[in-house]
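Here's the structure we're looking at; comments come further down.
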Amino acid sequence: MTRIGRRASRPVREPAELEQIPVWAPPDDADGQQAPDGTAGLLAGLNAEQRRAVTHGDGPLLVVAGAGTGKTQVITRRIAWLIATRRARPSQILALTFTDKAAEEMQARVDQLVPYGYTDTAVSTFHAFGDRLIREFALELGLPPDTRVLSRPETVIFMRERLFEFELDQYRPLGEPTRFLGALATLFSRCKDEDVSPERYVRHAMELGTALASGEPHDPDHPLSETDERLAAAENARRQLELARAYARYQELLGRAGLIDFGDQVSLALRLLRESASARQEIQHRFRYVLVDEFQDTNRAQAELVELIAAHHGNVTVVGDDDQSIYKFRGAAISNILDFRRRHPRARQIILRRNYRSRAPILDASYRLIRFNDPDRLEFRNGIDKRLRPERTGGERPVRQIAFATGSEEADWIAREISDRIGKGARAREFAILVRANSDADPVLRSLNMASVPWRFSGTSGLYARPEIRLLLAFLRSVADLSSSVDVYALAASDVYGLGGPDLTAIVNTARRRNRSLWEIVEELTRQPGLLRLAPDTRASLERLVADLRRYSEIAHEKPAGEVLYEFLRGSGLLARLASAQSVSAEEALQNVARFFDIVRAQSDLLPDDRVIFVARHLQTLIDAGDDPATAEIDSEADAVAVLTVHKAKGLEFPVVFMVGLVDGRFPARTRREQLALPVELVDEALPEGDPHVQEERRLFYVGMTRARDELVLTYAADYGGRRARRASQFVLEALDVPAIGAGVAATDTAEAATAVAASEGAASGAASPPSPAAAGARSPLERLTSFEPAASPAEPGREPVEGPLSLSFYQVDDYLTCPLKYKYVHVLRVPIAPHHSIVYGSALHQAVQEFHRRQARGYVMSEDELIAAFERAWSNEGFLTREHEEARLAAGRAALRRFREGQLLPEAVVPAYVEKDFTFSLDGDRIRGRMDRVDVERLAVDSADPTALPDTPTPALQADTTTPTLPGLHPERVTITDYKSSDVRDPVRARERARDSLQLQIYAMAYQAETGRLPDALQLWFLESGLVGRVEVEEKKLEKARESIRRAAKGIRARQFGASPDYIACGYCAFRDICPASAAR
DNA sequence: GTGTAGGTACTACAC
DNA sequence: GTACCTACAC
């Protein structure tokens, strides 16, 4: 399509001038036929249905446009047609899309069809459109004219800064007050998607409470008893009210600050149309035609907005395909499209069936698959036929499924296959590899690298995780706070200074031993070289590190953060190194650095002060709030294999598509409940008859399949590193119409995988014959990959295994088992870390309780004031989020101690036999040491000697009976070991589970046995905040498991194996996550 | 059937 | 940490 006409010099006209607009004649049809209204060119090349859709006159129109049917053509040509036939001036047309990218593309196409000067049609995203309305009518909405829009991470920071202005209890645990902020932000955003106002949410929550009070009759079939059901309902009502009020407060605080969030861009526009009659009239009058792309992905609020704008004239065209609705998780209401005709009985419906993209076998398989979503499909519900008819015929290849033994074989095979075909003349850009989740791409990318196949991966995050950016962040944090040893350590150990080995260990250990920060020690070392014996090159690097940090700290007071950062990049030689390296990775790193600079600049602009100390802190808060931009992508036009998620692939097409990792649990992904879900009563969406999650996953699979033009390959493996063999995705079976082949689908080696390929290619349906299950007996790759094998990670280079006995505390064992690298940071390198508020709180509580017990042993009962004074003496104000947070924790601690003291004053309370009891015992020649909080030794009455008869309370109702004679074979006393916990456990079941799984308690049991020759009877965790106690009996089986864990840790520590074992959760809580090269956090 | 232990995954994307 | 599933014991 070529551009025609020239930009009109005339200004935009008022509606009254409409009739004077000169008729713009589009180019004629190629065959010379001219339509009477001069629009033939616009209709050229369209099929009959498309033409009908484009030339639909007034009134509602639903265009059901399946994959590859020319949907965008229809919308853009319809816009051009409406203009060309003078049904509307360009500015009277509103076209709405979801993404900026889609809006841009559509605008470009409209520009090609309509001459310059006529293209002031509003092609924009819902959000951009809403934003424009909000600003135009800011006065009506009571907003300042310069309202700023907060991104999601920014809303989290906004709430964090005002955390104690919310009335929260359940959703602001003091041990981790920010824990639910992300979930709250999601919930509030979902409310806006679903057009639920704070008032409505609060009303709903109140009604839950009233319904409870008025007493609904108990359903005898309900699984819970009447009492339990009432309790659960009351708890739910309470929580919902807490959430609803938090939502109302959030809106109130935003309003007060003159800010809005993304959700508001639509919901406020909606409110404007609802509440201001004049604004409504004006807007309805302004837009005579409304067109919506991807209508199946609109949420409730967006659909409502469209309805209101078009309510007056009903000129609304929606284009979509219910089978491609894949954004339910962000509010897409498939009922919008399913119910369109019910809401608009006069609506015309046009179905586009001709598919210009895919060959017949691909369409057949896709259709077979999607039919499994019946009856919850438009086709079934409205009794229509929307099966796609292939326009591209000939040269068909069957859809293939290929099974592999392992994920790496799967990835290798694909890489080799693509590489071979490129060798035979294919272009890399003809291939796409679709994954369900971004993380599924890693093995594929590795294999493509190995096969030297160029690729581009469109991840949407990961910038801050890049090593070059982590280094810059560590630098900024170091300069902002020289006492941050973790960051100074990361900087020292980086390539820039190259420190390491025993010298660095010695330096760090000195810092820890002398209770000083790493910076203080390195700084002292340059002034007093005699402090430690160090290698000359270590000394030189240290001098440089200290001089640099001094210099940068100095200029950081004068210059903005961006300049300091640039100085570092230049001064350290990093910039030169990256710029001169001729590798793709260096180029990428450079671009990532550039991107990071943009962020530093943009965020600096928002702050009242743009110097490092403020910018560094702000950036960290932003990262903690979940900000995670994409990494740089070099040359998106390059000839490379596209590796992308199915979501990202929507709207694209490729000659050859591989869908990988197609196993149960990955695709379909397993269902996960939202952390805080909007109550179903507030969601105005009819439930489908089938499983909504599986249906959405099936639609996603359908979208993936229909990206393929000529060839589609579905692959999966039995072994993705887990212990269990994986089963093929049900979707593969549905699409290819093969019976389920159950577990053990994988071939045992690549030769067999190749057989599977051959079998697939021969079969008409493209189905593979099920390969034989993995050979039994021998250790499977599954086991080899996942079993914890210290030998798997190499010992520290240049270090001999530790000779002689180790001395280990429980914390050392526990840290090693969590992650060997964490063990190294904490116990070998001993990098000093800033105290966490939970540690401050826990240790103050402990100290107060222990003092109470010590005095108690001497016959003195501390008064409440004395106990609390002891608590406050042990307090330190480090690590708390805010002053309010610290106050809240202090108050919680005082309350816990009062409760604790009262329990101890009851007549049946037990006076502990030992407190703070140190121990050491030997296990396989290693020394295990530690300290027990509390040991109780109770004399038992004979008839109470059955320990299982004891109640689960912290103060067992037992009478000490000194006259009871000792019976042979029976312990006349009952020994209980207690560990006090300050963590927030409010559920007795949880308390017991925690005790059951506690390695610490098992170690205490062993220690007691080693010292006294007998095992204790019970072990318990005492949660001071709730007063709950989780208790377990001692069992040999558990003890042996605990010994096994200790041995495993000891073996690894002895061999100096400190390879990281990154874990999603453990990394998230690790103090070293910001500097750890292996961190899996975020 | 019920309880326990062990294994697994902690999305997808955008304004 | 935790929700959920499966296998297995009783």
Side-chain angles (χ1 to χ4, degrees), chain A residues 96-103 124-132 149-155 173 175-176 179 186 189 192-193 260-267 269 294 297-299 301-302 325-332 434-441 458-461 628-630 644-651 661 663-675 693 696-697 699-701 703-704 720-727 743 782-783 786-787 818 983-985 987 989-990 992-994 996-997 1032 1035 1037-1038 1041 1063-1069 1080-1082:
Chain A
L96 294 170
T97 65
F98 283 89
T99 63
D100 282 329
K101 205 170 132 218
S124 74
T125 63
F126 274 99
H127 289 86
F129 171 70
D131 194 72
R132 229 172 48 209
V149 185
L150 298 182
S151 70
R152 194 205 131 107
E154 286 169 338
T155 64
E176 202 188 343
R179 171 140 137 234
T186 306
S189 159
K192 291 170 189 181
D193 288 347
I260 61 172
D261 64 18
F262 283 139
D264 288 331
Q265 290 183 303
V266 174
S267 71
E294 306 274 19
D297 287 333
T298 45
N299 59 41
Q302 289 163 335
S325 168
I326 56 173
Y327 285 112
K328 181 151 175 55
F329 68 92
R330 61 177 208 220
L434 305 189
V435 292
R436 173 65 184 83
N438 282 303
S439 60
D440 298 341
S458 66
T460 47
S461 61
D628 194 6
L644 65 178
T645 63
V646 184
H647 282 93
K648 278 231 149 188
K650 190 180 190 187
V663 290
D664 199 31
R666 275 196 173 190
F667 206 166
R670 37 192 313 191
T671 329
R672 255 191 329 112
R673 273 216 327 250
E674 280 169 295
Q675 204 180 354
H693 173 71
E696 169 120 334
E697 292 285 313
R699 289 191 294 268
L700 187 58
F701 203 97
V703 167
Y720 286 104
R723 209 169 277 267
R724 274 201 273 265
R726 314 292 299 254
R727 281 176 303 138
L782 299 175
E783 289 166 317
T786 53
S787 60
T818 302
S983 53
D984 181 19
V985 171
D987 175 9
V989 178
R990 278 297 304 142
R992 215 195 92 78
E993 279 172 5
R994 287 280 299 271
R996 198 188 58 200
D997 300 339
V1032 282
E1035 293 168 53
K1037 207 173 73 188
K1038 288 220 179 83
K1041 259 186 67 180
D1063 171 84
Y1064 196 75
I1065 298 300
C1067 290
Y1069 284 103
R1082 274 183 206 114

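Here is how names work: the chains are called A, B, and so on, in the same order as the sequence lines, proteins then strands, and each is numbered from 1.
Ion pairing between A:Arg726 and A:Asp664 fails under the 4.0 Å rule for side-chain N and carboxylate O.
Proximity of A:Arg666 to A:Asp440: side-chain heavy atoms (C-beta onward) are separated by under 4.5 Å at one or more points.
Per the geometry, CG belonging to A:Asp664 stands 12 Å off P belonging to C:dC5, to the nearest Å. Put simply, CZ on A:Phe667 is 17 Å from C1' on B:dA9, counting in whole angstrom units. Summarising the geometry, the separation between CD on A:Glu674 and C1' on C:dT2 is reported as 17 Å, rounded to the nearest angstrom. Atom-to-atom, CG of A:Asp987 to C1' of C:dG1 comes out at 14 Å; the value is rounded to the nearest Å. Between the CZ atom of A:Arg727 and the C1' atom of C:dC5 there is a distance of 11 Å, rounded to whole Å.
In this structure A:Tyr327 satisfies the ring pair (Phe, Tyr, Trp, His ring centres under 6.0 Å) test together with A:Phe329, A:His647, sequence neighbours excluded. Applying the side chain to side chain contact (heavy atoms under 4.5 Å, CB included) rule to A:Arg132 yields the partners A:Ala122, A:Phe129, A:Phe287; only residues at least two apart in sequence or on another chain are considered. With sequence neighbours left out, A:Asn438 forms a side-chain hydrogen bond (donor to acceptor under 3.5 Å, both in side chains) with no residue at all. Taking the side-chain hydrogen bond (donor to acceptor under 3.5 Å, both in side chains) definition, one finds that A:Glu1035 meets it with A:Lys1038, sequence neighbours left out. Under the side-chain hydrogen bond (donor to acceptor under 3.5 Å, both in side chains) criterion, A:Thr298 pairs with A:Asn336, not counting sequence neighbours. For A:Thr99, the side-chain hydrogen bond (donor to acceptor under 3.5 Å, both in side chains) test picks out no residue, with sequence neighbours left out. Under the rule for a side chain to side chain contact (heavy atoms under 4.5 Å, CB included), the partners of A:Ser151 that lie at least two apart in sequence or sit in another chain are A:Pro153, A:Glu154, A:Phe262.
Counting any heavy atom pair closer than 4.0 Å across all strands shown, A:Lys650 reaches no nucleic acid atom. At the heavy-atom level, A:Arg990 lies under 4.0 Å from the strands shown only through sugar-phosphate atoms.
Counting only Watson-Crick and G-U wobble pairs whose two key distances fall under 3.5 Å, DNA chain B forms stems of three or more stacked pairs at B:1-10 with C:1-10.
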Can you check each nucleotide of nucleotides 10-15 of chain B against protein heavy atoms at under 4.0 Å and return B for base, S for sugar-phosphate only, - for none, in 5' to 3' order?
SBBBSB

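For A:Arg726, the listed nucleotide lying nearest its side chain is B:dA9; candidates were B:dA9, B:dT8, B:dG6.
Nucleotides C:dT2 and B:dC13 have their P atoms positioned 27 Å apart, rounded to a whole Å.
The shortest distance between the side-chain N/O atoms of A:Lys1038 and the OP1/OP2 oxygens of B:dT4 is not below 4.0 Å.
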